Amino acid sequence: MTYEATVEFKFDSTYTPKNCSYNPMIPDYIPEQHFTLTAPTADWNTTQMFKLFEKFMLMMGYAPSSIMSGAMSLVFNDMVLEEEQRKVCNEYDLTMNEDLVDKFKEMRKLEEAMSGRLTTTIEQANANLSGK
């Protein structure tokens with residue numbers, strides 16, 4: 001038995017400005033657009049599906065930053081459990097805002113520990129150079 005699957009995104013638009021009719025001399029005026037994006041998706045994963053939808057949104061004129069923001073809003077909104085958000089943060093090595101204070105404290109301790117070691121190493125190097 002074989003499994004076949006296809007997804008199709010379709011976009012149709014028309015635009016008629018209020019104060020002028022179609023003029024081929026206006027370079028950025030497109031009165032009508034029709035896009036169809038079709039892809040075989042039998043063995044696709046979620047990432048591949050999102051990449052296809054990203055291409056579709058780019059074809060429609062969305063900015064890459066807007067698309068990325070929209071994708072992030074699927075995870076980081078009030079309707080998603082914090083546990084699920086943390087799974088994504090762990091996968092992509094992200095820190096949630098409410099965890100920043102603890103992270104800064106941890107970094108500060110690490111800096112202090114490293115600073116102490118650096119001072120000791122410098123003192124040892126100076127002692128070795130002076131022949132003590």
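Here the structure is a predicted model, which is why all the values come from computation and not from measurement.
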Enquirer: Would Lys109 and Glu112 pass as an ion pair if we require N to O under 4.0 Å?
Expert: no
Enquirer: Where is the tightest heavy-atom contact between Gln85 and Asn77, given as atom of each residue plus distance?
Expert: NE2-O, 3.0 Å
Enquirer: Could you check whether the rings of Phe11 and Phe56 sit parallel, tilted or perpendicular, using 30° and 60° as the cut-offs?
Expert: perpendicular
Enquirer: Donor-acceptor pair, Ser73 side chain versus Gly70 backbone, under 3.5 Å?
Expert: yes
Enquirer: So which heavy atom on Tyr3 is nearest to which on Ala42, and how close?
Expert: CE2-O, 3.6 Å
Enquirer: If Ile, Leu, Val, Met, Phe, Trp and Tyr residues are connected whenever their side-chain heavy atoms lie under 4.5 Å apart, and connections chain through other members, are Met68 and Val80 in the same group?
Expert: no
Enquirer: Just verifying a value: how many Å separate Thr47 OG1 and Leu52 CG, rounded to the nearest 0.5 Å?
Expert: 12.5 Å
Enquirer: According to the side chain to side chain donor-acceptor pair (under 3.5 Å) rule, which pairs have a member within residues 50-64, sequence neighbours left out?
Expert: Lys51-Glu54
Enquirer: State plainly whether one hydrophobic cluster holds both Met60 and Phe9, where clusters connect Ile, Leu, Val, Met, Phe, Trp and Tyr through side-chain heavy atoms under 4.5 angstrom apart.
Expert: yes
Enquirer: Leu74, Ile67: one ILVMFWY side-chain cluster at the under-4.5 Å cut-off?
Expert: no
Enquirer: In sequence, state the C-alpha distance, the side-chain angles, and the governing distance for Gln33 and Asp12, and then conclude on side-chain contact (heavy atoms from CB on, under 4.5 Å).
Expert: CA-CA 6 Å; Gln33 299 179 71; Asp12 295 307; over 6 Å; no
Enquirer: Let me have the donor-acceptor pairs involving side chains of residues 93-103, under 3.5 Å, with sequence neighbours excluded, atom names and distances please.
Expert:
residue: Thr95; atom: OG1; partner: Lys103; partner atom: NZ; Å: 3.4
residue: Asp99; atom: OD1; partner: Arg86; partner atom: NH2; Å: 3.2
residue: Asp99; atom: OD2; partner: Arg86; partner atom: NH1; Å: 2.5
residue: Asp99; atom: OD2; partner: Arg86; partner atom: NH2; Å: 3.4

Enquirer: Can you confirm whether Glu8 sits close enough to Thr36 that some side-chain heavy atom of one is under 4.5 Å from a side-chain heavy atom of the other?
Expert: yes
Enquirer: May I ask whether Val75 and Met72 are part of the same hydrophobic cluster, defined by side-chain heavy atoms of I, L, V, M, F, W, Y residues being less than 4.5 angstrom apart, directly or through others?
Expert: yes
Enquirer: Using the rule that two of Ile, Leu, Val, Met, Phe, Trp, Tyr join whenever any of their side-chain heavy atoms come within less than 4.5 Å, decide whether Phe50 and Leu58 are in one cluster.
Expert: no
